[in-house]
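Okay, structure first, notes after.
The residues of the chain are indexed from 1 along the displayed sequence.
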Amino acid sequence: MRNRTRRTAAVGITLLTAVALLPSSGAGAAVSRDARPSGGGLHATIRYTEYGVPHILAKDYANLGFGTGWAQAADQVCTLADGYLTVRGERSRHFGPDASPGSALSSASTNLASDLYFRGVREAGTVEKLLKQPAPAGPSRRSKELMRGFAAGYNAWLKQNRITDPACAKADWVRPITALDVARQGFAVQVLGGQGRGIDGITAAAPPGAKDVDRAPDPRRTAKAARELFSAQDADMGSNAVAFSGRTTANGKGLLLGNPHYPWQGGRRFWQSQQTIPGELNVSGASLLGTSVVNIGFNGDVAWSHTVATGVTLNLHQLTLDPADPTSYLVDGKPRKMTKRTVTVPVKGGAPVTRTQWWTRYGPVVTGLGPQLPLPWSSTTAYALNDPNAVNLRGSDTDLGFGTARSTAGILKSLRDTQGLPWVNTVAADRHGHSLLSQSQVLPRITDDLAQRCSTALGKVTYPASGVAVLDGSRGDCALGSDKDAVQPGIFGPSRMPTLKDAPYAENSNDSAWLTNADRPITGYERIFGTIGTQRSMRTRGAVEDVAAMAEKGDLTVADLQRQQFANRVPAADLAADDTAKACAALPGGTATGSDGTAVDVSRACMVLARWDHAMDTDSRGALLFDRFWRKLTAAVPGAQLWKVPFSAADPVRTPNTLDTALPGFRTALADAVTELTAAGIALDAPLGANQYVVRDGERIPVSGGTESLGVWNKVEPNWDAKAGYTEVVHGTSHVQAVGWTEGRCPKARTLLSYSQSSNPRSPHFSDQTKLYAEERWVTSRFCEKDILADPALKVVRAREHR
């Protein structure tokens, strides 16, 4: 490896020429071996600009993957290594069986459950089979080349560099990887919304014993649990995104603002880069760690972002069991034997653990989707989980199609041709002035008609409430079927996807596609995609108000997108804060009774709330008080009881409204919020930033933004410390991009990675963008060569394998 500073365009031209003359690789495209690390003499040129953003230049996809793997390892080697340990099923060996594996790659509650599942995937050859499928059902040659190159780049960085991150500097579990490891991690991401939700229930499933008492799930409780499980309100991933058409902009070209809300730590962090194969691909944006492609970003003509969609990516089949054998189930009266998958997991400090998983024609038997949604295996009934994304390894091809698209039509073509996205919507805009939203997901082909005909008693409750279908697995006529334009059986084809083209604005904040544009609501889709005509979240309501007003104003520019990102308006406050202050001031004696029965003087709080600016800026006084009050109120009072004016589908943005301050929970929440802040030594009118911050290198960095229930666009979900306030952000605003175009070929883009490029505290890029985020400043994207080469801090790395 050689590091040198390059400051002139002449040197940049030399680099391009050198890359164009690099010798070709003779290695094949197939990812076929798991026995030894990948090789092949690959190389790439990596130009680093401000804030550690790499611009990766390579002659083909294998070499591009090499440069990407190298650069990701340089910033995130410990996080990446932890992910590979997970998909190999080796966490228990190194960390013990009972520790938590984290939520980056599944919902497993313990290392043992995680290992049992991922070892099962490994021993069944699941990913190998998917890699062998020809495109478009399987991944393309270029996707497999990227995986091969990524593994080689990661390995080359490990071999040639010393790890300085204390999280894994001397760890024996940081090892070379194979292309198959990269593919397995991609598989884990694809099934996050399906099998990944049910890992505890899959690995713990066991047939009932003779002394077990048969139990059946309670339909009402199960429906409620399913609705909560698949709600965006408490999810650890979400997003806002809006595309504006040329009819609303100053120059007639499109605009895109993407604001994903993802975890700030661990394996679902984003990482920024630009990937370039001259004459083939030139795309800039963000990738989920371990991903060899840009997932959200822009090129010279089109920009896109994703929002977590409401489509339910799994369904259940209720099995009628053979009375003589609880591991056999009946289909059209004929018994079918379940398949046993016996898995052994090595355990640190103990004997290996062996468990059996049970699989059916529909998928694995599952005894629950988390502790709140049990699905007991009785002598008569069991439940199998169907996840169509367990046979979908096409996501990288969808992303590559986006990277080479030249318009929103090209985005739609990639979605149609590859059908690879499991759990997100796509929002896009282009230089030609087009806007787009498409909920193109890989979903079980559950039509409302099929659910009506084939739902069990349990399914008749869960499907309307949550979109989770429970079908009668004993009937062959209840098979999911296929659409003619679908690339795999049992999923919806592209023609069934909710899509809106060329509206003045197309916005999503994790509600269903219905209110993408308030003037052009999308209807006609099946319940499994989401609801129609139902109450929207506070964040959706605020977002639609904001972007509709922006579109109405017109003459929009990238600067308007930047202002929207940090407006920090609190929609809940605009609806309720003034009424709260007035009701507070009217309380007899200025007191309210807390949940512990204590009378609390709230008179000071009334004045603070009356003066608050209804924003979650770091200097906003009263913001923290309202935030703590609102969290307590909405946790205690059901949403349907909170407002005097109920929801109306005819006015979905402005209803419900008018807070019912006569509710007993109102006074209690107010008293408890005052008590909480007083006990913590926090003034009721303290500026938000004094008690909403993160700590980096010992420095407190105030951050703006607010929680889901407040409806703030710039969403943050921090941990509450009873003595210090909000001291760490768990998830929220992550990789933000505001993109437009001028008459020239270079897109005009401003970006921010809220938690910075590296999780290594010894990296210069551990907190640099976090400080920018706190100051509400942006990075000017360097997309074109002239801009890359003009960076006075430009650093060039020629990365190559040493064989």
Does Asp325 reach the main-chain N or O of Asp322 with its side chain, forming a donor-acceptor pair under 3.5 Å? no
Sub-3.5 Å donor-acceptor pair from the side chain of Asp483 to the main-chain atoms of Asp485, do we have one? no
Does Asp387 come within less than 4.0 Å of Arg197, counting only side-chain N to carboxylate O? no
Which heavy atom of Ser287 sits nearest a heavy atom of Asn295, and at what distance? CA-OD1, 3.2 Å
Can His261 and Ser239 be counted as having a side-chain donor-acceptor contact under 3.5 angstrom? no
Closer than 3.5 angstrom, by distance alone: can the side chain of Arg445 be matched with the main-chain N or O of Phe492 as a donor-acceptor pair? no
When you compare the side chains of Ser396 and Ser143, does any donor N or O come within less than 3.5 Å of an acceptor on the partner? no
Just wondering, more than 12 heavy atoms not from Arg453 lying within 6.0 Å of its CZ? yes
Test Thr307 against Asn510 for side chain to side chain donor-acceptor pair (under 3.5 Å), laying out the working first. CA-CA 6 Å; Thr307 61; Asn510 307 126; 4.6 Å; no
Apply salt bridge (charged side-chain N to carboxylate O under 4.0 Å, His left out) to residues Asp332 and Arg475 and explain how you reach the verdict. CA-CA 5 Å; Asp332 295 333; Arg475 293 170 50 188; over 6 Å; no
Counting the benzene-type ring for Trp, do Phe95 and Trp173 have ring centres under 6.0 Å apart? yes
Are Gln76 and Thr79 linked by a side-chain donor-acceptor pair shorter than 3.5 Å? yes
Exam field: side chain Tyr362 to backbone Leu385, donor-acceptor pair closer than 3.5 Å: no
What closest approach, in Å, do Met497 and Ser438 show between heavy atoms, and which atom pair accounts for it? CB-OG, 4.4 Å
Keeping the roles fixed (side chain from Lys129, backbone from Ala124), state whether a donor-acceptor pair exists under 3.5 Å. yes
Is it true that atom NZ of Lys334 has more than 12 heavy atoms of other residues, nucleotides or ligands lying nearer than 6.0 Å? no
Minimal non-hydrogen separation, Ser482 against Gly490, with atom names: OG-N, 3.3 Å
Could you check whether Glu145 pairs with Arg148 (Lys NZ or Arg NE/NH1/NH2 to Asp/Glu carboxylate O, under 4.0 Å)? yes
Return yes if some donor-acceptor pair links the side-chain N/O of Ser100 with the main-chain N/O of Gly102 below 3.5 Å, else return no. yes
Passing option when Gln488 is tested against Arg394, Gln133, Gln419 for side chain to side chain donor-acceptor pair (under 3.5 Å): Arg394
So, Asp472 versus Thr456: side-chain donor-acceptor pair below 3.5 Å or not? no
Does the Glu526 side chain pair with the main chain of Asp448, one donor and one acceptor, at a distance under 3.5 Å? yes
Please confirm whether the backbone N or O of Thr203 pairs with a side-chain atom of Asp200, one donor and one acceptor, at under 3.5 Å? no
Identified side chain to side chain donor-acceptor pair (under 3.5 Å) partner of Asn111 from the options Glu90, Arg91, Lys348: Arg91
Using a distance-only test with no angle check, is there a side-chain donor-acceptor pair under 3.5 angstrom linking Tyr117 and Gln357? no
Give a yes or no on whether Glu123 atom CD has more than 12 heavy-atom contacts from other residues, nucleotides or ligands under 6.0 Å away. yes
Can Gln439 and Thr499 be counted as having a side-chain donor-acceptor contact under 3.5 angstrom? no
Please indicate whether Lys224 has more than 12 foreign heavy atoms, meaning atoms of other residues, nucleotides or ligands, lying under 6.0 Å from its NZ. no
